[in-house]
Number of protein chains: 2
Amino acid sequence: MAKQTPRYHAIADDLRNQIDRGALAPGQKLPTEEELTTHYEVSRNTVRLALGRLTEEGLLVSAQGRGSFVRERFEPAVWNWSVLESRSRHEANHDAGDQWASQIAGNGQTPHQEVKVSIRRPPADVARQLNLDAAAALTVVRERVRYVDREPYALADSYFPEALVRDTPLMLPEDVSAPGGVLASAGLVQVRFSDEITVRMPTRDEIERLVLPASTPVAVHMRTGYDKDGQPLRVMITTLPGDRHVIRYDVSAD
Amino acid sequence: MAKQTPRYHAIADDLRNQIDRGALAPGQKLPTEEELTTHYEVSRNTVRLALGRLTEEGLLVSAQGRGSFVRERFEPAVWNWSVLESRSRHEANHDAGDQWASQIAGNGQTPHQEVKVSIRRPPADVARQLNLDAAAALTVVRERVRYVDREPYALADSYFPEALVRDTPLMLPEDVSAPGGVLASAGLVQVRFSDEITVRMPTRDEIERLVLPASTPVAVHMRTGYDKDGQPLRVMITTLPGDRHVIRYDVSAD
DNA sequence: CCAGAGAGTTTGTTGGTACAAGTCAGCCAA
DNA sequence: TTGGCTGACTTGTACCAACAAACTCTCTGG
C-alpha cells in the first residue's frame with residue numbers, strides 16, 4: 001500500500017522541501033545529477049524527471065556544463081494602472097513625456113524602449129474592441145519592447161484606428177515623448193479606460209524577446225481607451241512577465 | 001551546419017504548427033506515441049520529449065491509457081473588479097448577498113462555495129497590509145473555495161483583524177450572505193481598495209484544489225480594503241486559474 | 001441482458017547506455 | 001605574462017528495454 005507515488009515525485013518533493021526550508025538557498029548550486037543518482041539510488045533518468053518537475057514549477061534553472069541552481073527571484077516592479085494618462089501630466093510634464101519612462105526614471109532606474117511603427121490590419125480581438133471591421137479596417141501599430149536597466153521588461157503594442165491618427169506625430173517611428181502622452185500629441189483625449197487582464201504561458205516568440213526563464217507565465221494587459229463620446233481611441237496590449245511585475249489598481253468611492 | 005536543433009524540438013514545432021493550423025483540432029486525439037515513433041523515425045523517448053514540451057506550453061493534455069489530446073480552452077469568465085462592494089448593493093440586495101454569487105447566478109450559472117473560518121496569525125504579507133505585528137496579532141480567516149456549475153473556479157481567502165470583527169456574524173462558519181457583503185454585516189464600511197495582481201505558477205496544493213491542467217498559471221489578486229480613515233479593514237487574496245478567468249477594470253476620469 | 005473477467009491498447013515510470021555540447025580550470029608554449 | 005589548448009566535469013540529446021497503471025472493448029458466464 002505504500003508504492004503509489006513515483007520515485008521522481010518523492011525526490012522532487014524532497015528537494016522542494018529543502019528549497020522551502022532554505023537548506024538550498026536561491027542561487028545555490030544543486031548536487032550534480034551524478035551525485036543525486038547515487039544519493040537517491042535511482043537512475044539518472046529518474047533524477048532528471050524530478051529536476052524537470054521542479055524546473056516546471058519555476059524553482060530551478062539549469063545550465064549546460066555548469067549545473068542546476070535554485071532560481072533567484074528578483075524584486076518585481078509595481079506599476080499602478082489605475083492612473084489616467086491625462087492626470088499624470090502634472091507629475092510628468094517636464095521632459096520625459098512617456099508615463100512609463102518617467103516613472104521608471106523617477107525610481108532611479110534607466111528606462112529604454114525600442115519602437116516600431118507600422119500600418120496593418122488589426123487582430124480580431126483588437127478590431128472588436130475598436131469597433132472596426134477586422135477584414136477591411138487599418139490600424140497604426142506601435143510595437144515597443146521596454147527595458148529597465150538593459151533588462152527586457154515588457155512588450156507594449158498599441159493599436160490606433162488609422163483614420164484617427166493620420167498625419168499626426170503618432171506615426172513617426174521615434175520614441176514619441178509629447179507632454180500628456182502620445183494620444184494628446186494627436187489631439188485625442190481619453191476619458192475612460194477598460195482593462196482586461198488574462199494570464200497564460202508565453203509563446204516561444206515571447207520567451208525569446210523577453211528572455212524568459214523556463215515556466216514563467218505572463219500577464220496580458222489589454223487597455224482600451226475611449227473619448228468622452230464613448231468612441232474607442234486605442235487598444236494597448238502589454239505583455240508582462242510574471243516574475244518581474246506587480247499590477248496595481250487603486251479603487252475608491254469618490 | 002544543419003544539425004543544431006534537436007530532433008524533439010523539430011517534432012514539437014511540427015506538431016505545434018499542425019495545432020495552430022487547425023489540422024489538429026482542440027479535443028482531437030493525437031496519434032499514439034507508437035505511431036509518432038514510426039512516423040518521425042525516432043525513439044519513443046524522443047517523442048515523449050516533444051510531447052512534454054507541448055504539454056508544458058499548455059497545448060496538450062494526456063491521459064494514461066487513453067492518449068494525448070489537443071487541449072480545449074474554455075470560455076473564461078469575466079469578472080469586473082473595479083466595482084465597490086458597497087455600490088453593488090443596489091443590484092444585489094434581494095437574496096444572495098454575496099457579490100460574487102449573485103453575479104454568477106445572474107449569468108445563468110449556479111454558484112457554490114465552501115467556507116472555512118478560523119482564527120490564526122496572518123502570513124507576513126497580509127500582516128504588512130493590515131499594519132499588524134505578524135508575530136503577535138491575530139486575524140479571522142475566511143477561506144473559500146468557489147465553484148461554478150460544480151467546477152472549481154477560484155480560491156478566495158479573506159483576513160480580518162481579529163479585534164475588528166470579534167462577535168460579529170463574520171465569525172460564523174456559514175456562507176454569510178448579508179446585504180452589502182460580509183463587512184457591512186460587521187458594521188464596517190470600505191471606501192477604498194488597493195489591489196495588487198501577481199502572476200505565478202500554482203503550488204502543488206493549488207493544482208489539486210483547483211483541478212488545474214498541467215502548466216496553467218494563476219493570477220493572485222490581493223485586495224486590501226480601507227475605511228474612511230484609511231485604516232485597513234481586510235485583505236482578500238483570490239487565486240484565479242489563468243485558463244478560466246479574465247480580470248477586468250474600468251477606470252474613468254470622474 | 002447484464003456483470004465481470006480478460007485481452008489489448010496506450011501512457012507512465014524506471015532502468016540502462018552512449019555521445020554531444022557547453023563550462024571551467026589548469027597546463028603548456030610563445 | 002598571455003594566449004590557446006587540452007581534458008575533466010556537467011547537463012543535453014538520443015537510443016533501447018521492460019514493466020506498471022489506467023483505460024477500452026470484447027467476450028463469456030450467469
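All values derive from a computational prediction rather than experimental measurement. Proteins get letters first, then strands, A, B, ... in listed order; numbering begins at 1 in each.
- Rounded to whole angstrom, the span from the NE2 atom of A:His9 across to the C1' atom of D:dA20 amounts to 14 Å.
- The interatomic distance linking A:Glu33 (CD) with D:dT10 (C1') rounds to 8 Å, in whole Å.
- Distances were taken from every side-chain heavy atom of B:Gln64 (C-beta onward) to each of C:dT10, C:dT14, D:dA21; the shortest belongs to D:dA21.
- A donor-acceptor contact closer than 3.5 angstrom links the side chains of A:Arg248 and B:Ser194.
- Taking a cutoff of 4.0 Å between a charged side-chain nitrogen and a carboxylate oxygen, B:Arg16 and B:Asp13 qualify as a salt bridge.
- Between the CD atom of A:Glu34 and the P atom of C:dG16 there is a distance of 12 Å, given to the nearest Å.
- Between the CG atom of B:Leu49 and the C1' atom of D:dC16 there is a distance of 14 Å, given to the nearest Å.
- Remark: A:Glu57 does not engage B:Arg200 in a salt bridge, criterion side-chain N to carboxylate O under 4.0 Å.
- In terms of heavy-atom proximity, A:Thr46 sits nearest to A:Tyr8 at O-CB, 3.6 Å.
- Taking atom CZ of A:Arg66 as the reference point, atom C1' of C:dA25 lies 15 Å away to the nearest angstrom.
- We find that OH of B:Tyr40 is positioned 18 Å from C1' of D:dT13, with the value rounded to whole Å.
- The listed nucleotides are D:dT13, D:dC15, D:dA18; the one nearest the side chain of A:Arg44 is D:dT13.
- Nearest to the side-chain atoms of A:Arg7 among the listed nucleotides C:dC24, C:dT11, C:dT14 stands C:dT14.
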Check the pair A:Trp81 / A:His221 against ring pair (Phe, Tyr, Trp, His ring centres under 6.0 Å), numbers first and verdict last.
CA-CA 10 Å; A:Trp81 290 84; A:His221 184 280; 3.7 Å; yes

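- We find that NZ of B:Lys29 is positioned 11 Å from P of D:dT24, with the value rounded to whole Å.
- For D:dC15, the OP1/OP2 oxygens have a side-chain nitrogen or oxygen of B:Thr46 closer than 4.0 Å.
- In this structure, the CD atom of B:Glu35 is 10 Å from the C1' atom of C:dT10, given to the nearest Å.
- Both B:Leu30 and B:Asn45 lie close to DNA chain C; mapped to their nearest nucleotides by heavy-atom distance, the more 5′-ward contact belongs to B:Leu30.
- Look at A:Arg48 and you won't find any side-chain N or O under 4.0 angstrom from OP1 or OP2 of D:dT11.
- Among the nucleotides D:dA14, C:dT14, C:dT10, the one closest to any side-chain atom of B:Tyr8 is D:dA14.
- Side-chain nitrogen and oxygen atoms of B:Ser62 include at least one within less than 4.0 Å of the OP1 or OP2 phosphate oxygen of C:dG12.
- Annotation: of the two residues near DNA chain C, A:Glu41 and B:Ser68, the 5′-most nearest-nucleotide partner is B:Ser68.
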